[in-house]
Colleague: 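Got a structure for you, questions after.
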There are 2 protein chains.
Amino acid sequence: MESLSKRTGGARPPDATLEVHLGYWLRLVSNEVSGAFARALHARQVSVAEWVALNQMSSSEAATPAKLAAAMGMTRGAISKVLDKLERKRLIARTTSPRDSRVQLLSLTAHARRTLPGLTEIADSNDRHFFSALAPGEQASLQRLLRRLAEAHGMTRIPVD
Amino acid sequence: MESLSKRTGGARPPDATLEVHLGYWLRLVSNEVSGAFARALHARQVSVAEWVALNQMSSSEAATPAKLAAAMGMTRGAISKVLDKLERKRLIARTTSPRDSRVQLLSLTAHARRTLPGLTEIADSNDRHFFSALAPGEQASLQRLLRRLAEAHGMTRIPVD
DNA sequence: TATTGTTATACTCTATAACTATA
DNA sequence: TATAGTTATAGAGTATAACAATA
């Protein structure tokens with residue numbers, strides 16, 4: 001750094017402003033990977049937010065709009081629209097809770113349970129496509145580093161966009 | 001994989017669908033890092049697309065809307081709107097090329113040259129904030145892995161969203 | 001009064017396609 | 001005809017705030 005500054009008369013390399021940031025490379029790769037995934041999902045008429053919601057509902061006992069909103073870091077209003085779309089596609093059902101009739105209980109339809117494995121396979125194959133460029137040990141390193149960052153900063157919300 | 005299936009009787013752990021994907025962790029961390037950066041830029045009334053455009057213009061000799069569109073992976077129409085906003089903020093100027101009057105030459109204003117270092121400092125400090133959770137060697141590893149993925153898949157567009 | 005879910009509204013971002021003016 | 005840039009229009013996605021029903 002010091003020597004570079006001296007060599008170039010104190011001026012920065014003019015085109016190095018963006019690429020020096022780790023955040024730049026993270027965003028570059030993440031956008032490509034997620035973008036390809038979103039396009040593959042889109043071919044099945046499913047958005048990433050819808051896919052995440054379906055997954056949440058399949059892995060948690062009692063899903064409600066409010067719980068989904070908290071888990072996905074979206075407002076209840078936004079979740080309501082996502083659920084409207086899923087309901088129109090006959091992938092979820094809403095039923096009023098018998099315990100508290102303000103609460104809507106969300107459940108996957110049989111159609112959704114048949115559809116979900118195919119969507120998971122899209123995610124699997126998208127992962128394989130991009131990360132097979134790394135050796136297995138490198139993939140493990142990458143995951144370890146990312147998980148460490150997530151833990152260090154308390155990242156808990158499921159990323160949707 | 002095989003042994004896991006046998007051990008669990010062929011059933012998958014029901015809540016492992018999302019977190020097993022490297023793409024999931026990549027998106028989780030990237031969204032947090034980029035989101036924090038976008039919010040910090042927003043406090044200076046600048047969007048990420050605007051910041052990228054300013055950087056491109058500061059590091060390339062002859063910037064034009066078409067070149068920016070290609071570099072940033074956006075349509076010319078979308079770039080035109082970004083440039084409108086930058087012009088309204090007096091950060092760029094558009095002048096007609098003397099060689100080809102269809103072409104608009106883009107340049108930074110003096111105000112932009114005074115503003116840009118502050119924005120770069122936001123990017124620097126955002127990087128420091130998030131990645132200081134990793135040791136220097138780990139940060140280097142992460143960058144190396146990400147760059148490898150970018151190269152392996154020919155990722156060249158500057159990520160904007 | 002507080003909470004759940006929905007709806008009304010608005011805003012940001014971007015794409016598509018039509019358009020103007022040059023070449 | 002082809003190209004550079006702009007503009008008109010539309011769509012996706014999400015937030016804010018007002019609302020109805022229930023606790």
Side-chain angles (χ1 to χ4, degrees), chain A residues 27 31 34-35 37-39 41-53 56-57 62-89 92-107 157-161, chain B residues 27 31 34-35 37-39 41-43 45-53 57 62-89 92-107 157-161:
Chain A
R27 194 165 74 251
N31 283 358
S34 292
F37 179 51
R39 283 189 294 278
L41 278 184
H42 186 254
R44 307 274 194 105
Q45 330 291 347
V46 177
S47 73
V48 175
E50 288 164 23
W51 177 74
V52 170
Q56 277 297 103
M57 292 170 53
T64 70
K67 286 180 186 172
L68 271 187
M72 296 171 64
M74 295 172 67
T75 63
R76 286 173 301 159
I79 284 290
S80 203
K81 286 196 150 194
V82 171
L83 296 174
D84 284 348
K85 293 193 177 181
L86 289 172
E87 196 174 34
R88 226 171 295 128
K89 292 171 194 165
I92 67 158
R94 296 193 247 216
T95 57
T96 302
S97 166
R99 299 204 166 194
D100 181 341
S101 50
R102 291 173 305 182
V103 173
Q104 292 289 299
L105 299 178
L106 305 170
S107 57
R157 284 172 180 176
I158 302 169
V160 168
D161 58 348
Chain B
R27 193 165 75 250
N31 283 359
S34 292
F37 178 52
R39 284 189 294 278
L41 278 184
H42 186 254
Q45 331 290 347
V46 176
S47 73
V48 174
E50 289 165 22
W51 178 73
V52 170
M57 293 170 52
T64 70
K67 286 179 185 173
L68 271 188
M72 297 170 65
M74 294 172 67
T75 62
R76 287 172 301 159
I79 285 291
S80 202
K81 286 198 149 188
V82 171
L83 296 173
D84 284 348
K85 293 194 176 178
L86 288 172
E87 196 173 34
R88 224 171 297 127
K89 292 169 194 166
I92 66 158
R94 296 192 248 219
T95 57
T96 302
S97 166
R99 299 203 167 195
D100 181 341
S101 50
R102 292 172 306 182
V103 173
Q104 292 290 298
L105 299 177
L106 305 170
S107 57
R157 286 172 178 175
I158 302 169
V160 169
D161 56 349

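Below, read A as the first sequence line, B as the second, and so on, with proteins coming before strands; counting in each chain starts at 1.
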Colleague: I need the NE2-P distance between A:His42 and D:dG13, as an integer number of Å.
Modeller: 8 Å
Colleague: Are side-chain heavy atoms of B:Gln104 and B:Thr95 found at a separation under 4.5 Å?
Modeller: no
Colleague: Just wondering, do A:Thr64 and A:Leu105 contact through their side chains at under 4.5 Å, heavy atoms?
Modeller: yes
Colleague: Nearest-Å distance, CG (B:Asn31) to P (D:dT14)?
Modeller: 11 Å
Colleague: Does A:Lys67 make a side-chain N or O approach to OP1 or OP2 of C:dT4 shorter than 4.0 Å?
Modeller: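 No.
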Colleague: Calculate the interatomic distance between A:Gln104 atom CD and D:dA23 atom P; express it in whole Å.
Modeller: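 Nearest whole value for this atom pair: 12 Å.
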Colleague: Work out which heavy atom in A:Leu41 is nearest to a heavy atom in A:Trp51; give both atom names and the distance.
Modeller: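 Shortest heavy-atom separation between A:Leu41 and A:Trp51 comes out as CD1-CB, 3.7 Å.
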Colleague: For B:Leu106 versus B:Pro65, what's the shortest heavy-atom pair and its separation?
Modeller: CD1-N, 3.6 Å
Colleague: Measure CG/A:Leu68 against C1'/D:dT14 and give the value in whole Å, please.
Modeller: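 One finds 16 Å between C1' of D:dT14 and CG of A:Leu68, rounded.
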Colleague: Quickly work out the A:Trp51 CH2 to D:dA12 P distance and round it to whole Å.
Modeller: 21 Å
Colleague: How does each nucleotide of nucleotides 14-23 of chain C score, in 5' to 3' order, for protein heavy atoms under 4.0 Å: base (B), sugar-phosphate only (S), or none (-)?
Modeller: BSB-----BS
Colleague: Do the non-hydrogen side-chain atoms of B:Asn31 and A:Arg157 ever get within less than 4.5 Å of each other?
Modeller: no
Colleague: Nearest whole angstrom, please: distance from the P of D:dT14 to the CG of A:Leu83.
Modeller: 12 Å
Colleague: Using atom types as modelled, flag every donor-acceptor pair under 3.5 Å from a side chain in residues 71-85 of chain B to any protein atom, sequence neighbours excluded.
Modeller:
from: B:Thr75; atom 1: OG1; to: B:Ala78; atom 2: N; distance (Å): 3.1
from: B:Asp84; atom 1: OD1; to: B:Arg94; atom 2: NH2; distance (Å): 2.3

